[in-house]
Amino acid sequence: RAGPAVPDKGDDMGMLDLAAITLEDEKDLRENFPGDSVFRMKAKWLDHQLRMLHSGHETAIKLVVDRNDLFFDSFRTLSKCTGEQLRGPLQVAFKNEDGRDDGGLTRHWFMLISREIVNPGYGMFALLPNGAAFHIHPASKHQSHYLEYFRFIGRVWGKAIYDGFHVDSHLAPCIYN
């Protein structure tokens with residue numbers, strides 16, 4: 001049985017199609033993870049699939065960013081990366097700061113960039129009226145390069161998920177669909 005598709009290579013990181021989990025897959029998940037919710041089972045399945053994709057890439061993406069220009073420095077570097085390169089480890093350095101990235105600087109960068117992405121000043125996201133989550137700002141399409149920015153944002157979130165880092169942006173549920 002083939003199961004959900006995982007493209008090997010391509011311009012983007014490749015997508016795991018969670019919708020492709022069949023009823024038979026779900027039955028297998030329930031047997032392997034008794035007592036878990038369907039969401040938790042699918043999350044564990046996704047985590048397992050992502051761990052299988054990691055192949056010990058040697059070439060790291062060197063991301064050197066200025067804290068005062070975090071969004072655009074990150075955008076310029078990650079937008080140039082191929083999907084294959086994005087599967088490699090990320091090494092973050094902050095300009096004019098000492099530090100060696102053994103994971104802590106990368107974790108810190110993910111926290112900062114995920115907050116910066118939803119910064120209302122960029123006009124890409126707006127806070128829902130209840131203040132609980134962000135949704136895509138209706139006027140974002142009037143931003144120059146907005147499609148490239150959303151592609152970059154997707155790459156950041158995809159990289160965070162792929163590498164197992166937390167993203168500190170609370171988004172409206174419809175965005176995850």
Side-chain angles (χ1 to χ4, degrees), residues 6-16 18 46-47 50 53-177:
V6 181
D8 288 332
K9 295 184 179 182
D11 194 31
D12 283 318
M13 287 180 72
M15 295 181 62
L16 294 170
L18 291 179
L46 176 61
D47 185 59
L50 291 173
L53 286 175
H54 283 273
S55 62
H57 292 275
E58 300 300 323
T59 306
I61 301 168
K62 296 190 185 319
L63 181 61
V64 180
V65 295
D66 185 332
R67 287 180 186 269
N68 296 319
D69 198 22
L70 186 75
F71 183 90
F72 293 108
D73 278 353
S74 301
F75 172 78
R76 283 186 283 275
T77 300
L78 294 181
S79 294
K80 295 175 188 173
C81 295
T82 67
E84 186 64 26
Q85 289 170 322
L86 286 170
R87 289 189 180 126
L90 190 59
Q91 280 187 340
V92 175
F94 291 95
K95 289 180 183 171
N96 303 317
E97 295 182 29
D98 292 333
R100 181 173 166 213
D101 191 4
D102 292 324
L105 291 176
T106 299
R107 183 177 300 104
H108 185 63
W109 175 82
F110 273 116
M111 182 203 56
L112 293 175
I113 194 68
S114 64
R115 291 177 182 172
E116 191 70 8
I117 282 169
V118 295
N119 179 336
Y122 295 114
M124 303 300 288
F125 291 91
L127 199 56
L128 289 172
N130 66 7
F134 289 91
H135 66 96
I136 295 174
H137 196 294
S140 63
K141 64 184 174 188
H142 300 296
Q143 291 276 9
S144 61
H145 309 292
Y146 77 100
L147 291 177
E148 290 95 346
Y149 293 153
F150 279 121
R151 182 171 185 259
F152 160 70
I153 292 165
R155 286 173 156 234
V156 169
W157 285 327
K159 183 71 175 149
I161 292 167
Y162 185 76
D163 288 348
F165 287 98
H166 175 72
V167 177
D168 196 20
S169 302
H170 302 284
L171 303 176
C174 63
I175 292 176
Y176 297 112
N177 292 336

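With values rounded to the nearest 0.5 angstrom, Met124 atom CE is found 8.0 Å from Ile136 atom CD1. Going from atom NZ of Lys141 over to atom CG of Leu147 covers 11.5 Å, rounded to the nearest 0.5 Å. With rounding to the nearest 0.5 angstrom, the CG atom of Asp168 is 4.5 Å from the CZ atom of Arg115. Here the straight-line distance linking atom OG1 of Thr59 with atom CZ of Arg87 works out to 14.0 Å at 0.5 Å rounding.
Across all non-hydrogen atoms, the minimal contact from Glu97 to Arg67 is OE2-NE, 2.5 Å. Residues Asp69 and Arg76 approach most closely at OD2-NH2, 2.9 Å, considering heavy atoms. The minimum heavy-atom distance between Tyr149 and Ser144, with the atom names listed, is CE1-O, 3.4 Å. In this structure, Gly88 and Ile61 approach most closely via the heavy-atom pair O-CD1, 4.4 Å. The minimum heavy-atom distance linking Val156 with Phe110 is given by the pair O-CE2, 3.6 Å. Pairing each heavy atom of Ile117 with each of Phe125, the nearest pair is O-CD1, 3.6 Å.
Other residues, nucleotides and ligands place no more than 12 heavy atoms under 6.0 Å from the CG atom of Asp98.
Ion pairing between a basic and an acidic side chain is recognised when a charged N comes within 4.0 Å of a carboxylate O; Arg151 and Glu148 show no such pairing. Classification of Asp73 and Lys95 as a salt-bridged pair holds, one side-chain N sitting under 4.0 Å from a carboxylate O.
By the 30° and 60° cut-offs, the orientation of the rings of Phe150 relative to Tyr146 is perpendicular.
The residue from Glu116, His137, Gln143 that alone fulfils the side chain to side chain donor-acceptor pair (under 3.5 Å) condition with Tyr122 is Glu116.
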Test Ile161 against Val167 for side-chain contact (heavy atoms from CB on, under 4.5 Å), laying out the working first. CA-CA 8 Å; Ile161 292 167; Val167 177; 5.6 Å; no

*Can you list the steps and then say if Asp66 with Phe94 is a side-chain contact (heavy atoms from CB on, under 4.5 Å)?*
CA-CA 6 Å; Asp66 185 332; Phe94 291 95; over 6 Å; no

Before giving the answer on side-chain contact (heavy atoms from CB on, under 4.5 Å), spell out for Ile153 and Trp157 the whole-Å C-alpha distance, their side-chain angles and the decisive distance to 0.1 Å. CA-CA 6 Å; Ile153 292 165; Trp157 285 327; 3.1 Å; yes

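Formation of a donor-acceptor pair under 3.5 Å by the Asp163 side chain with backbone atoms of Phe165 is not found in this model. Within the 3.5 Å criterion, the main-chain N or O of Leu90 finds a donor-acceptor partner in the side chain of Thr106. Using modelled atom types, one side-chain atom of Arg155 and one backbone atom of Cys81 make a donor-acceptor pair closer than 3.5 Å.
Separation of the Phe75 and His145 ring centroids does not fall under the 6.0 Å cut-off.
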